[in-house]
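Heads up, the thing below is written out as structure tokens.
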Amino acid sequence: MSDGASARAARGDVPDYRILVVDDEPDLERLVRQRMRRHIRRGEYGFEFAANGVEALEVLARDPDIDIVLSDINMPKMDGLTLLQQIPDVNSDLRSVIVSAYGDMENIRTAMNRGAFDFVTKPIDFTDLEVTIERTLRHLDEWRAALASRDKLVALQNELDVATKIQQSILPDAFPRLDGCEVYGCMQAARNVGGDFFDVIKLERGRVGLAVADVSDKGVPAALFMMSSRTLLKGAAVGAGSPSAVLSEVNDLLNETNEAAMFVTVFYGVYDPSSRVLTFANGGHNPPLVVHADGSSEELELTGGLALGAVSGFPYGQASVALHPGDLVVFFTDGVTEAINASNEEFGLAALRALFRGGRRPSAREAAETILQAVRDFAGEAPQFDDLTCMTLRVADE
Amino acid sequence: MNVQAEHHDEVLLAKVEGRVDSSNSQDFERQLQGAIGEDVKAVVIDLGQLAYISSAGLRVVLLVAKTLGQRNVSISLCALSDPVQSVFEISGFNRIIQIYDTQADALAAAGK
């Protein structure tokens, strides 16, 4: 019994299933009510009657709860085969059973081709009819359950699409115009909802806060953890002073409730264009790459940090690096260097550094897009399991 | 990925082999929790045959370490390959979980 049918039955006034009998033989109604009386009394079946196809369509139009149409073939005004063609326009959620003369294979074939679910032969054997009705109703229940599951899946997919849009929308897509430097960032999620994020936060006195982060694991739990991490980080960055204080504050807040032992690796730096100094703290994130104007490069030497969310009260260190005109700092997640190609080889840090050898001096945006494109070209058709995030800080030329 | 458990007196030795990433981290968690069981004083996880571990796998190690910490059961790791060692160093987990070069060192320390 379907949910709708059981709800109707529970009210006690409507039968579980409704069957419309279409026949021009006036005695049939009395016969059906008599032979099906136990089913009717138990509230399992309720019957409606129509004398031809035209009347049947009228009943179907005003009563959308009919489950089965049991129809004769030869009738005045509109015959059963024509009725079969018309039914889907009125109600697509029912099943039709045709009553035909014994051995009339031609009409039976036509009826089946026009969408009849089953047939019974005249004179009607009521035991056979009961079996046919039961079988048809089971099929109908399964069909309706499958439709409901599909609708739920579609709704879930729609929600995931909304979540993806929300996630994408919180990542910066317009970057502040700054004196003495430029900043750009982009992210490519491996699944619908991802665990990477980056942020560019304008601070007082012309400084800018730069964060790149990667949440453990992927999917919906990672996305939820990413959303709260990103909000906490932005709040702390605007409120607190030093990068180490920002990471300590976010770490302690994330540790307050973290049953699942999720964590997020974060690199957070504050760049001051007036002094060209980048002050940073690291929470277990892979080191950014500093590319000089001549194309040489090295990884930033990190402070000994720990991923945020792992242990509360962890003391985060802090360090500074003086940048030079034309320097490019590439902040990224390990999805970039650990992207794999069809031969299961990693893109690697060497390939990343090689992109800038020769000193082409790209803009912040060109650099970030060059990196993501190079990773995409390298990976080819190989499926990627990790988000790719790349953020760049380009110090103006002298 | 596979986890095998051996009992050395009151120390449980769990040997992990293969790769752990987000596709099998739940299985890793089940196998590791199942191997550890209830009545242990110390746990040593041998990662000598672990070829790769992603952040999803690190989360499982952290979860197990936190759970054991609440029960006052010590936990240590040993025999990490270079790539796996580097994952623990970058994430900083080597600062909160004891790591030994060899299984013998880890078992000796855990048995004390």
Side-chain angles (χ1 to χ4, degrees), chain A residues 190-191 194-196 213-222 225-226 247 251 255 258-267 281-288 299 302-317 333-335 337-338 340 344 346 348-349 383-387, chain B residues 1 16 18-33 36 43 45 47 50-77 80-99:
Chain A
R191 286 196 207 167
D196 276 12
D214 186 352
V215 172
S216 56
D217 218 338
K218 303 287 164 257
V220 173
F225 198 75
M226 169 265 190
L247 292 197
N251 179 50
N255 269 294
N258 188 8
E259 293 296 312
M262 301 282 288
F263 62 86
V264 56
T265 68
V266 181
F267 180 94
N282 187 43
H285 199 79
N286 53 293
E299 290 181 282
L302 294 180
T303 58
L306 172 67
L308 276 59
V311 173
S312 66
F314 188 87
Y316 287 88
T333 55
D334 57 11
T337 43
E338 291 179 7
I340 51 167
N344 236 4
E346 287 189 353
L349 185 65
Q384 297 302 306
F385 301 105
D386 209 353
D387 304 337
Chain B
M1 184 274 307
V16 186
R19 296 170 57 88
V20 179
D21 56 31
S22 52
S23 73
N24 63 4
S25 65
Q26 285 184 328
D27 187 30
F28 178 49
E29 183 177 335
R30 260 192 308 275
Q31 286 199 38
L32 201 53
Q33 300 276 26
I36 290 168
V43 172
I45 304 179
L47 299 182
L50 180 69
Y52 173 83
I53 187 163
S54 78
S55 64
L58 281 186
R59 188 190 69 81
V60 174
V61 174
L62 177 65
L63 183 68
V64 168
K66 281 185 165 182
T67 316
L68 292 177
Q70 284 162 3
R71 287 161 49 190
N72 286 321
V73 176
S74 79
I75 179 171
S76 61
L77 311 177
L80 279 59
S81 65
D82 286 348
V84 172
Q85 176 80 27
S86 145
V87 169
F88 275 85
E89 282 174 5
I90 289 174
S91 62
F93 280 23
N94 61 333
R95 294 181 184 88
I96 54 171
I97 301 174
Q98 190 72 47
I99 298 178

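Here is how names work: the chains are called A, B, and so on, in the same order as the sequence lines, proteins then strands, and each is numbered from 1.
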Proximity breakdown for B:Ser25 and chain A, heavy-atom pairs closer than 4.5 Å: side chain
What are the two closest non-hydrogen atoms of A:Glu299 and A:Pro287, and how far apart are they? OE2-CG, 3.0 Å
Is it the backbone or the side chain of A:Ala260 that comes under 4.5 Å from a heavy atom of chain B, or both, or neither? both
Looking only at heavy atoms, the pair that brings A:Pro288 and A:Leu302 closest together is CD-CD2, 4.2 Å
Looking only at atom types and distance, does a side-chain atom of A:Asn251 sit under 3.5 Å from a main-chain N or O of A:Val311, one as donor and one as acceptor? yes
So B:Leu58 and A:Phe263, do their side chains get closer than 4.5 Å, heavy atoms only? yes
Take a 6.0 Å sphere around CD of B:Gln33 and say whether it holds more than 12 heavy atoms from other residues, nucleotides or ligands. yes
Out of A:Asp214, A:Val215, A:Thr265, A:Leu306, return the one with the most heavy atom pairs under 4.5 angstrom to chain B. A:Leu306
B:Ser22 and B:Ser54 have their tightest heavy-atom pair at N-OG, 3.7 Å
Please flag which part of A:Glu259 lies under 4.5 Å from any non-hydrogen atom of chain B: side chain, backbone, both or neither. backbone
Residues in residues 84-97 of chain B that sit under 4.5 Å from chain A, counting heavy atoms only: B:Ile90, B:Ser91, B:Gly92, B:Phe93, B:Arg95, B:Ile96
Does A:Asp387 form a side chain to side chain contact (heavy atoms under 4.5 Å, CB included) with A:Thr333? I'd like the steps, not just the answer. CA-CA 8 Å; A:Asp387 304 337; A:Thr333 55; 5.5 Å; no
Assess the residue pair A:Asn286 and A:Phe267 against the criterion (side chain to side chain contact (heavy atoms under 4.5 Å, CB included)); give the C-alpha distance rounded to whole Å, side-chain angles, the decisive distance to 0.1 Å, and a yes or no. CA-CA 8 Å; A:Asn286 53 293; A:Phe267 180 94; over 6 Å; no
Only heavy atoms, only distances under 4.5 angstrom. Which residues in residues 65-76 of chain B are near chain A? B:Lys66
Residues B:Ile53 and B:Leu50: closest non-hydrogen pair is CB-CD2, 3.8 Å
Given 3.5 Å as the limit, does a donor-acceptor pair link the side chain of A:Asn258 with the main chain of A:Ala310, or not? no
Donor-acceptor pair, B:Asn24 side chain versus B:Asp27 backbone, under 3.5 Å? no
